[in-house]
Structures are given as C-alpha cells and as structure tokens.
Engineer: 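Right, I'll just put the structure down here and ask away after.
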Amino acid sequence: TLCLKALMKEINSSGFKGRYDFCYIPSNFSTGRSKGFAFVNFLTAEGANQFFREWHGSKRFVQKDCDSPLNVSAAGIQGLEDNLAKWNTSRTRRIKNPQLRPFVAPCKGPADGVLSEKKLSQLSSACDFN
C-alpha cells in the first residue's frame, strides 16, 4: 500500500516540489492501508493542470501488470482552507500516526496569498506539518 511519504517523494521528484500545500491519503485506520486515492492541493491552476497532464493515465506505483493506470481528477473541495476545514474533524484529530495524517506545507504568511498562521493553526490541528 502507498504511504503519504512515498507519494510526496514521487510528486516532488517529478517536478512538483513546493507547488502544493496539502496532501492526504485516506486510510483504513485498523489496517493502516490506503483506500486507493489521495488529495493534493496545488498552489496554482497551472500546477494542477500540469500534474494532470503528467500523471493521469500513468502507471506510477504499479506492482503488478494488472494494476490500473492512475486516474487523476479534480476534487469537489478546492483550496487549502476548504481542505483543512474538511479534514479537521474530531476523528482526524485523534490520529497519532503522522503517516496517516494530512501533510500541510508551512505557512509563508498572508502576503504570499496563503492563510495567516493564526487561521492555519485554527484549521490544521489535525494535520502534520513537515
């Protein structure tokens, strides 16, 4: 099963390091196995579009010939603030294993068009800051 660290390593090595601010792989907490999909929030529409062009239909992480190619699509929830609000639940806050918690990039401050530290800390208590 794919872990968050391995996904982020592949995203970063394919030219997207620093181009996303949120990454999460929902998992079955009793087994620790991923549910087979992930959420990545890109800083720009161009970054998201480029990611789609490069990753959709590719066979990254393939372990067997019968494994399906990746299906990349837009999520119903867009933006860092909305993703944090979605995943900042009492259930998510109880997750102790950092590999099962969302990754949130460190805040650069409101001048960069990113959430303020205060707002970010209010929304992201359930997330892992790497």
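For clarity, every value in this text was computed on a predicted model and none was experimentally measured. Hydrogens, waters and symmetry mates play no part in the numbers below; they use all other heavy atoms, side chains included.
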Engineer: Do the side chains of E10 and K5 get close enough for a salt bridge, i.e. N-O under 4.0 angstrom?
Structural biologist: no
Engineer: Please examine the side chains of C3 and I25, heavy atoms only from C-beta on, and report whether any two atoms are closer than 4.5 Å.
Structural biologist: no
Engineer: Starting from the C-alpha separation in whole Å, work towards a yes-or-no answer on side chain to side chain contact (heavy atoms under 4.5 Å, CB included) for W55 and S14.
Structural biologist: CA-CA 9 Å; W55 280 57; S14 65; 3.3 Å; yes
Engineer: Please tell me if the side chains of F22 and L80 come closer than 4.5 Å, counting only heavy atoms from C-beta onward.
Structural biologist: yes
Engineer: Got E54 and F16 here, is their nearest side-chain heavy-atom distance under 4.5 Å?
Structural biologist: yes
Engineer: Is the centre of the Y24 ring less than 6.0 Å from the centre of the F103 ring?
Structural biologist: no
Engineer: Keeping S73 on the side-chain end and N71 on the backbone end, is there a donor-acceptor pair under 3.5 Å?
Structural biologist: no
Engineer: In Å and rounded to the nearest 0.5 Å, what is the NZ to CG distance from K9 to L4?
Structural biologist: 13.5 Å
Engineer: Give me the ring orientation class for F39 and F37: parallel if the planes are under 30° apart, tilted from 30 to 60°, perpendicular past 60°.
Structural biologist: perpendicular
Engineer: On a heavy-atom basis, which atom in A38 and which in P26 lie closest, and how many Å separate them?
Structural biologist: CA-CD, 4.3 Å
Engineer: Which pair of non-hydrogen atoms, one from N41 and one from G79, has the smallest distance, and what is that distance?
Structural biologist: OD1-N, 3.0 Å
Engineer: Given side chain to side chain contact (heavy atoms under 4.5 Å, CB included), test F42 with Q50 step by step and report yes or no.
Structural biologist: CA-CA 10 Å; F42 289 91; Q50 181 182 357; over 6 Å; no
Engineer: For the atom pair CG (L70) and NE2 (H56), what is the distance rounded to the nearest 0.5 Å?
Structural biologist: 9.0 Å
Engineer: Report whether I77 and F52 are members of the same hydrophobic cluster (ILVMFWY, side-chain heavy atoms less than 4.5 Å apart, transitive linking).
Structural biologist: no
Engineer: How many angstroms lie between atom CD1 of I11 and atom NZ of K17, to the nearest 0.5 angstrom?
Structural biologist: 13.0 Å
Engineer: Specify the closest pair of heavy atoms between G57 and P69, including all atoms of both residues, with the distance to one decimal.
Structural biologist: O-CB, 3.3 Å
Engineer: State, with a plain yes or no, whether a side-chain heavy atom of V104 is found less than 4.5 Å away from one of L84.
Structural biologist: yes
Engineer: Which heavy-atom pair separates R19 from G47 by the least distance, and what is that distance?
Structural biologist: NH2-CA, 3.4 Å
Engineer: Write down the atom of M8, the atom of C23, and the distance for their closest heavy-atom approach.
Structural biologist: CG-SG, 3.8 Å
Engineer: So R53 and E46, salt bridge (Lys or Arg N to Asp or Glu O under 4.0 Å) or not? Walk me through it.
Structural biologist: CA-CA 10 Å; R53 287 190 304 272; E46 175 51 38; 3.1 Å; yes
